[in-house]
**Student:** 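One structure is given below, represented as structure tokens, and several questions about it will come after.
All residue numbers in this chain count up from 1 along the given sequence.
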Amino acid sequence: MKKILYPMLALTLTAFTFTSCEDVPAPYDDPNDNTNEPVLPEGVLLDQSFTSSLGNFTSVSSSGTLEWYNDYSSAMVTGYQDFNGDGIKENQAGTTWLVGPTVDLTDVEKAYVTINMALNYERGDINENNSVLISNNYAGDVNTATWEQLTYNTDGLNSSFDFYEKSMNIPSKFMNSKIVIALRHSCTESYSSTWEVKSMTIEEGEVEETPETPDTPTDGIYIDESFANDFGVFTVNTIKGTPWIIDFSSAKASGYDNASQNTTPSESFLVSPAIDLGASKGTTISFEYILRYVTNYGEPIEGVNNLVLITDNYTGDPTTTTWTDITGTLTEGRDWTTWSTYSASVPAEFIGKDNIVIALYYSCEASSGTWEVKNLTVKEGDSESGGDQPGDGEISGNSITVDVSTLGLTNGEALGTLTLADGTTLTFDGGGNQNPPKYYDNGTNIRMYPKNSLKINSTQTIVGIEMECDTYNNIICNASGDVTTSSGKISANGNILTVTDASTNELTLTNVSTQTSTPSQIRFLSLKIYYAE
């Protein structure tokens, strides 16, 4: 995906170093007290730091052999580790508990738990697979105790290892009893999150819990605009020249005037209202369109742009907003009656956030294309066709493998962006060739023609890739090895194209072949992406 930033901003990070004090006596030391237990302030019932140990907490495995352990100055658990000591990480299934000490709530009217945590790589229900549980009948066996889940708000989690404090009120039925708090982590052989906890406190009183993320619409539809008579909930924001208009029962963008046969240099955005995807599991943008006169015999015309953009930081001014380009490849039409369909899954980085804004952007200078759009929807669910295809991929260790035949693509379909299971995106672009990258059932491969490119974006550092190419009439379809990479070194060995020595979050492969017919094409069956440890 391409990031568009108006204007470019620089961010300076300043590092601070803290020096520990020497010869400072611990407070409240009692020479006759051999428990080494700190004296808690009034109203504090539990104050456990996991900086150097698990403290009074105990790791218990109810299935599998995983354990909570100390790392990164936290109590940490993950099923993705180097279990064999061979330097290769893999997933292991398990359910692992971090069980706290007994806390006496006798004569306590209200109490709440606060946990300072970081969590990432969860692909299922965060609260279910990374649970905060409470029991008032725990007797040493997690399987026989009665546990109740304390639900926490997940805002900010699962996109980085930033730490957030999450507070939960303890239900009133647990007051005037002795309770135990436990953290339970569940994972499978397919994937595991990593959960890090710096500290936990239980205090008397009550907190105003952050409201639950709003549910998705009951019908699963966030936006549904036909543009038959007006722009509906959308707003036109024109930078210069001719704005978007309603014409031919659609939203139309063009700087060309039929009457005068002149083009007015133009730049205009059609902007959606803010969309709350806080509870979304996956969202699709789709619309019907006709796009004409945007290339000159397959070559892009300078100054002509027709883009689908998305952001989570809309400023109210599209020129000062950081946009992400999710256009992929739009099909240029040959008449005014045949409508193409665009369908794109909202990138994973925007799922779970509110204030998501979508915009259709067009610009022109000396020449202008014409873009007509109708029946635009934003719906819950992953894309099944068009610009952004359903993602997949098998995660194993520090890599993900994509088998083209399992992606559910439509024969002859032009490709836009695929979102993989780990959030990595594959964005295909025609590069000016009238034949953009396409999928074909014959051979179950994705074909990339001269000038076509594949951009791989990931939040993880990409260190290499392997692309398995198809063979047709004894010709290895690897563009005769005429392929470039934006990072690392590329080589062709038989039917395998390999990139090594890369170190980037965005890698682009481009077919630069000058040959014709089959020897000029890349036809790949599978793609394996390697990430840094």
**Student:** Is there a side chain to side chain contact (heavy atoms under 4.5 Å, CB included) between I223 and S272? Walk through the geometry before answering.
**Tutor:** CA-CA 9 Å; I223 291 178; S272 80; 3.9 Å; yes
**Student:** Could you check whether the rings of W323 and F269 sit parallel, tilted or perpendicular, using 30° and 60° as the cut-offs?
**Tutor:** parallel
**Student:** Between the side chains of E380 and Y222, does any donor sit under 3.5 Å from an acceptor?
**Tutor:**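 A pair is found: one side chain offers a donor N or O, the other an acceptor, under 3.5 Å apart.
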**Student:** Whether the T146 and Y138 side chains hold a donor-acceptor pair (N or O, under 3.5 Å, no angle test) is what I'd like checked.
**Tutor:** no
**Student:** I need the minimum non-hydrogen distance between C187 and L66, along with the two atoms involved.
**Tutor:**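 Closest heavy-atom pair between C187 and L66: SG-CD1, 3.5 Å.
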**Student:** Using a 3.5 Å distance criterion without hydrogens, assess whether the side chain of S280 forms a donor-acceptor pair with backbone atoms of G282.
**Tutor:** yes
**Student:** Do the side chains of Y531 and I462 get nearer than 4.5 Å, heavy atoms only?
**Tutor:** yes
**Student:** Please report the shortest heavy-atom distance between S62 and V142, naming the atom on each side.
**Tutor:** CB-CG2, 4.0 Å
**Student:** Which pair of heavy atoms, one from Y314 and one from V357, lies closest together, and at what distance?
**Tutor:** CB-CG2, 3.8 Å
**Student:** Just by distance, with hydrogens left out, do S405 and T444 show a side-chain donor and acceptor under 3.5 Å apart?
**Tutor:** no
**Student:** Identify whether the distance between the nearest side-chain nitrogen and carboxylate oxygen of K173 and E148 falls below 4.0 Å.
**Tutor:** yes
**Student:** Could you check if a side-chain atom of N129 sits within less than 4.5 angstrom of a side-chain atom of S193, using non-hydrogen atoms only?
**Tutor:**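 No; the side chains remain at least 4.5 Å from each other.
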**Student:** For I202 and A111, work out which heavy atoms get closest and say how close.
**Tutor:** CG2-CB, 4.5 Å
**Student:** Can you confirm if the aromatic rings of F50 and F57 lie within a centre distance of less than 6.0 Å?
**Tutor:** yes
**Student:** Should Y342 and I326 count as side-chain neighbours, where that means a heavy-atom distance under 4.5 Å?
**Tutor:**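 Result yes, sub-4.5 Å side-chain heavy-atom pair found.
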**Student:** Is a donor from one side chain sitting under 3.5 angstrom from an acceptor on the other, for T315 and D317?
**Tutor:**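 No, D317 and T315 have no side-chain donor paired with an acceptor closer than 3.5 Å.
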**Student:** When you compare the side chain of W97 with that of S61, does any pair of heavy atoms fall below 4.5 Å?
**Tutor:** no
**Student:** We want to know whether T95 and S63 form a side-chain donor-acceptor pair, criterion being a heavy-atom distance below 3.5 angstrom.
**Tutor:**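 Looking only at side-chain atoms, S63 and T95 do form a donor-acceptor pair, the distance falling under 3.5 Å.
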**Student:** Would you say the side chain of L407 lies within less than 4.5 Å of the side chain of L418, judging by non-hydrogen atoms?
**Tutor:**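 Yes. Closest side-chain heavy atoms under 4.5 Å.
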**Student:** Any side-chain donor paired with an acceptor under 3.5 Å for Q92 and T65?
**Tutor:**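 Present: a donor and an acceptor within the cut-off.
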**Student:** Just checking W68 against W195, ring centres under 6.0 Å apart?
**Tutor:**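 Yes; W195 has its ring centre under 6.0 Å from that of W68.
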**Student:** Measure from the side-chain N and O atoms of T106 to the backbone N and O of D104, and report whether any donor-acceptor pair falls under 3.5 Å.
**Tutor:** no
**Student:** Are T78 and T194 linked by a side-chain donor-acceptor pair shorter than 3.5 Å?
**Tutor:** yes
**Student:** Side chains of E165 and N116: is there a donor and an acceptor less than 3.5 Å apart?
**Tutor:**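 No, no side-chain donor-acceptor contact under 3.5 Å.
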**Student:** Does a side-chain heavy-atom distance below 4.5 Å link Y80 with N398?
**Tutor:**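 Yes. Closest side-chain heavy atoms under 4.5 Å.
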**Student:** Testing the 3.5 Å rule here: is there a donor-acceptor pair between the side chains of T284 and S286?
**Tutor:** no
**Student:** For R184, is there an ion pair with E128 - N to carboxylate O distance below 4.0 angstrom?
**Tutor:**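 The answer is yes: the pair qualifies as a salt bridge.
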**Student:** Quick one: does Y530's side chain get under 4.5 Å of T500's, heavy atoms only?
**Tutor:**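 No, side chains not in contact.
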**Student:** For S487 and L507, indicate whether the former's side chain and the latter's backbone hold a donor-acceptor pair under 3.5 Å.
**Tutor:**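 No, the answer is negative, given that no donor and acceptor are paired below the 3.5 Å cut-off.
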**Student:** Judged by modelled atom types alone, do T51 and S73 share a side-chain donor-acceptor pair under 3.5 Å?
**Tutor:**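 No, no side-chain donor-acceptor contact under 3.5 Å.
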**Student:** For the residue pair I456 and I465, establish whether any side-chain heavy-atom pair is separated by less than 4.5 Å.
**Tutor:** yes
**Student:** Any carboxylate oxygen within less than 4.0 angstrom of a Lys/Arg side-chain nitrogen, looking at D501 and K489?
**Tutor:** yes
**Student:** Would you confirm whether D82, through its side chain, and G87, through its main-chain N or O, come within 3.5 Å as a donor-acceptor pair?
**Tutor:** yes
**Student:** Pick from V113, N153, V207: which one makes a side chain to side chain contact (heavy atoms under 4.5 Å, CB included) with S167?
**Tutor:**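 Testing each of V113, N153, V207 against S167, the sole residue satisfying side chain to side chain contact (heavy atoms under 4.5 Å, CB included) is V207.
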